[in-house]
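Got a structure for you, written out below as structure tokens; questions coming shortly.
None of the values given here were measured: they were computed from a predicted structure.
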Amino acid sequence: MSTNDDQAVNLNVHLRNLQISDYPELREIMTQAYVGVEDPYWEKKDIKKLLQIFPEGQLCIEVEGKMVAAALAIIVDYQKFGDNHSYNQITGNESFDTHDAHGNVLYGIDVFVHPEYRGMRLGRRLYDGRKELCENLNLKSIIAGGRIPNYEKHADEMTPRQYIDAVKNRQIHDPILNFQMGNDFHVKKILKNYLPGDNQSKDYATLLEWNNIYYQEEETLINKPRTYIRVGLVQWQMRPLKDFDALVEQMEYFIDAFGDYQSDFILFPELFNAPLMAEFNHLGEPEAIRGLAKYTDQLREKFVEFAIAYNVNIIAGSMPEIKDEKLYNVSYLCRRDGSWDSYEKIHITPSEQTSWGMEGGDKVKVFDTDAGKIGITICYDVEFPEIARLYAEQGVQILFVPFLTDTQNGFNRVRYCAQARAIENECYVAIAGCVGNLPKVNNMDIQYAQSAIFTPSDFAFPTNAIKAEATPNTEMTVIGDLDLELLKELHEFGSVRNLKDRRLDLYNIKLKK
């Protein structure tokens with residue numbers, strides 16, 4: 001097909017928003033555009049999610065009624081990532097959970113044109129559409145990571161900076177970089193290991209930016225973003241309770257108290273509802289825990305009700321849940337707007353497997369709340385650093401860890417690993433556990449805990465990296481005010497920068513599912 005501009009003038013070229021019905025054509029374009037690339041196309045579920053969260057950001061071009069080019073984008077709060085990020089980080093490991101409708105930057109995640117239609121300046125039309133969208137949404141800029149595929153031909157005699165200068169001066173042609181600069185983008189930074197395995201670019205990439213000159217920073221006198229978040233921990237006393245209503249009454253007592261202090265979050269411990277297992281003492285341990293699971297839906301509904309009534313987000317410890325005849329250890333996030341979400345414990349301890357027949361979940365999920373991005377790990381999970389690191393790469397500011405330990409050495413594993421997670425991921429970590437005894441409940445007879453809120457370790461934080469902690473083995477509450485702005489300053493100006501100083505040229509963590 002001839003694609004010179006004179007002939008293109010007579011063609012019907014139409015820019016529009018992408019639809020899920022376009023997927024077969026979209027997949028064909030990507031397959032043709034990325035010949036020789038492993039996994040060259042986005043799965044249908046990925047496109048479907050982009051269209052659900054940000055339909056106006058997904059653009060395509062039809063020529064004579066045939067779709068031949070497309071551009072995909074999300075909005076991000078760029079302060080959470082900064083200039084030193086990877087493609088996996090900015091896209092949430094390609095989950096797009098990093099999309100933030102209230103963010104300030106339009107981030108381009110892909111642009112592709114069918115090879116037979118290159119030369120018609122369709123890429124320019126897509127970029128003009130992005131620029132118009134950026135202006136209409138009053139976003140500060142468009143940012144994207146760009147490959148430099150011809151760099152492999154010059155890597156022996158040029159540094160990446162020298163190569164970019166040579167492209168700017170038209171001494172070398174680079175199809176992607178020349179296109180970007182021809183569309184008023186400037187190179188903001190050179191990134192290393194932005195797309196691991198990009199051999200043509202020698203694992204380098206350009207961080208490209210187009211500034212919206214019409215951007216107006218909005219002054220918000222009302223509903224100004226808060227930097228201090230109040231967190232409350234329940235160090236729950238295990239005690240025999242008469243029935244379900246008695247357990248709910250004890251739950252509400254703590255929630256009411258934290259509500260009076262205008263807390264943003266309340267964290268309950270793992271399996272705090274174990275006193276209800278006494279009803280099933282005549283059964284074996286696997287049957288007893290499944291008996292306890294019968295109360296889970298009712299308890300979650302109560303937590304949702306209390307979250308609304310007391311205007312607080314509640315991490316409802318954890319409870320057993322049966323799904324498809326399999327037993328899981330599940331924590332619920334009950335938001336104060338009435339919505340709720342769940343997290344299944346991933347790493348099951350040997351005793352949970354042998355005594356109860358529990359199975360591990362397989363989803364690592366970041367939760368958005370009105371008080372920031374949070375993550376949840378249940379007890380043993382916090383002893384595996386990979387999950388917290390995946391959370392950190394997606395901008396989690398507070399990690400909540402409900403736990404249940406019977407001995408002091410078991411508790412210390414949770415405590416010291418939680419402190420490590422706070423330091424290495426530059427975030428706050430809150431842990432809450434149960435204390436006391438349940439002499440008539442099998443496998444739950446003794447507990448040891450000291451609930452606490454841990455911080456990173458730098459000058460802006462407590463010298464012992466502990467914001468607040470409970471007295472060991474005593475029923476009580478812990479309240480701490482956490483400054484989220486300190487985390488942002490730490491990321492950029494800390495005396496050490498654990499996240500930024502990682503050697504991503506040597507190693508990386510990627511979620512398989």
Side-chain angles (χ1 to χ4, degrees), residues 1-37 39-42 44 46-47 50-51 54-75 87 91 106-137 139 141-150 167 170 173-187 195 200-201 205-206 208-212:
M1 173 179 176
S2 176
T3 58
N4 64 63
D5 288 342
D6 291 334
Q7 288 179 311
V9 170
N10 297 319
L11 295 175
N12 181 10
V13 181
H14 177 50
L15 175 70
R16 63 172 174 84
N17 287 112
L18 192 67
Q19 306 292 327
I20 194 61
S21 58
D22 296 318
Y23 181 75
E25 287 183 283
L26 187 75
R27 175 170 168 165
E28 175 61 22
I29 298 168
M30 289 184 281
T31 302
Q32 294 296 326
Y34 295 131
V35 172
V37 175
D39 299 326
Y41 53 84
W42 292 99
K44 188 174 182 178
D46 300 318
I47 301 302
L50 283 171
L51 292 174
F54 187 32
E56 59 268 49
Q58 319 316 319
L59 305 174
C60 68
I61 291 178
E62 289 180 344
V63 176
E64 296 296 315
K66 177 183 178 181
M67 193 178 71
V68 298
L72 311 177
I74 57 176
I75 299 173
Y87 188 78
T91 62
L106 185 68
Y107 200 99
I109 58 177
D110 210 343
V111 174
F112 38 88
V113 178
H114 194 293
E116 293 182 7
Y117 292 81
R118 290 172 183 167
M120 294 179 61
R121 300 190 178 184
L122 301 183
R124 183 180 292 275
R125 286 180 185 247
L126 290 169
Y127 269 70
D128 287 345
R130 275 185 178 173
K131 292 173 184 177
E132 183 178 352
L133 179 64
C134 184
E135 291 171 358
N136 290 341
L137 296 178
L139 299 175
S141 62
I142 303 173
I143 291 180
R147 298 176 61 238
I148 43 177
N150 282 356
V167 173
R170 305 290 179 177
H173 178 74
D174 186 285
I176 295 177
L177 187 53
N178 280 117
F179 168 75
Q180 299 282 10
M181 292 192 296
N183 280 278
D184 301 323
F185 279 73
H186 65 271
V187 178
L195 280 171
Q200 288 182 317
S201 305
T206 55
L208 299 146
E209 182 177 41
W210 175 84
N211 296 111
N212 176 14

### Task
Enter the distance from Trp42:CH2 to Ile47:CD1 here, rounded to the nearest 0.5 Å.
7.5 Å
### CZ on Arg121 to CZ on Phe179, rounded to 0.5 Å
11.0 Å
### Message
Between Thr91 and Tyr107, is there a side-chain heavy-atom distance shorter than 4.5 Å?
### Response
no
### Task
Indicate yes or no for a side-chain donor-acceptor contact from Arg147 to the backbone of Ser201 under 3.5 Å, with no hydrogens or angles considered.
no
### Message
Set out, in order, the CA-CA distance, both residues' side-chain angles and the distance that settles side chain to side chain contact (heavy atoms under 4.5 Å, CB included) for Leu15 and Glu132, then state yes or no.
### Response
CA-CA 12 Å; Leu15 175 70; Glu132 183 178 352; over 6 Å; no
### Within-4.5 Å side-chain heavy-atom neighbours: Asn17 and Pro55
no
### Message
With heavy-atom distances below 4.5 Å as the criterion, would you say the side chains of Val68 and Leu122 are in contact?
### Response
yes
### Message
Tell me whether Tyr87 contacts the main-chain N or O of Ile109 through its side chain, where contact means a donor paired with an acceptor under 3.5 Å.
### Response
yes
### Query
In Å, rounded to the nearest 0.5 Å, how long is the span from CZ of Phe185 to CG of Leu177?
12.0 Å
### Message
For a quick test of reading the model, state the closest non-hydrogen atom pair linking Asn150 to Pro175 and the distance between them.
### Response
ND2-CD, 3.7 Å
#### Entry: Exercise: identify the closest heavy-atom pair between Leu50 and Ala73
CD2-O, 4.2 Å
### Task
To the nearest 0.5 angstrom, please state how far the OH atom of Tyr127 sits from the CH2 atom of Trp210.
12.0 Å
### Message
Could you tell me if the side chain of Met120 sits less than 4.5 Å from the side chain of Val13, heavy atoms only?
### Response
yes
## Note on the structure
Tightest non-hydrogen contact, residues Pro149 and Ile176, listed as CD-CD1, 3.9 Å
### Task
Evaluate the side-chain proximity of Ile29 to Tyr117: yes if any heavy-atom separation is below 4.5 Å, no if none is.
no
### Query
Which heavy atom of Gly123 sits nearest a heavy atom of Val113, and at what distance?
N-CG2, 4.3 Å
#### Entry: Backbone N/O of Pro24 and side chain of Glu28: donor-acceptor pair under 3.5 Å
no
### Task
Without swapping roles, check the side chain of Asp110 against the backbone of Leu72 for a donor-acceptor pair under 3.5 Å.
no
### Query
Quick check: does any side chain N or O of Glu209 sit under 3.5 Å from a backbone N or O of Val187, one acting as donor and the other as acceptor?
no
## Note on the structure
The salt bridge (charged side-chain N to carboxylate O under 4.0 Å, His left out) partners of Arg130 (sequence neighbours excluded) come to none
#### Entry: Distance, nearest 0.5 Å, that separates CG of Asn211 from CG of Asp184
10.5 Å
### Summary
For Leu126 and Ala69 the tightest heavy-atom approach is CD1-CB, 4.0 Å
### Query
Side-chain contact, heavy-atom cut-off 4.5 Å: Ile20 with Lys44?
yes
### Exam field: side chain Lys131 to backbone Asn183, donor-acceptor pair closer than 3.5 Å
yes
### Message
Are Phe112 and Leu26 packed together at the side-chain level, in the sense that at least one heavy-atom pair is separated by less than 4.5 angstrom?
### Response
yes
### side chain to side chain contact (heavy atoms under 4.5 Å, CB included) assessment of Val63 paired with His114
CA-CA 11 Å; Val63 176; His114 194 293; over 6 Å; no
#### Entry: Gap between atom CG of Leu133 and atom CG of Asp128 - 0.5 Å precision
12.5 Å
### Query
Is the shortest heavy-atom distance from the side chain of Met67 to the side chain of Leu18 under 4.5 Å?
yes
### Exercise: identify the closest heavy-atom pair between Asn12 and Glu64
N-OE2, 2.6 Å
### Task
Test Leu139 against Ile75 for side chain to side chain contact (heavy atoms under 4.5 Å, CB included), laying out the working first.
CA-CA 9 Å; Leu139 299 175; Ile75 299 173; 4.1 Å; yes
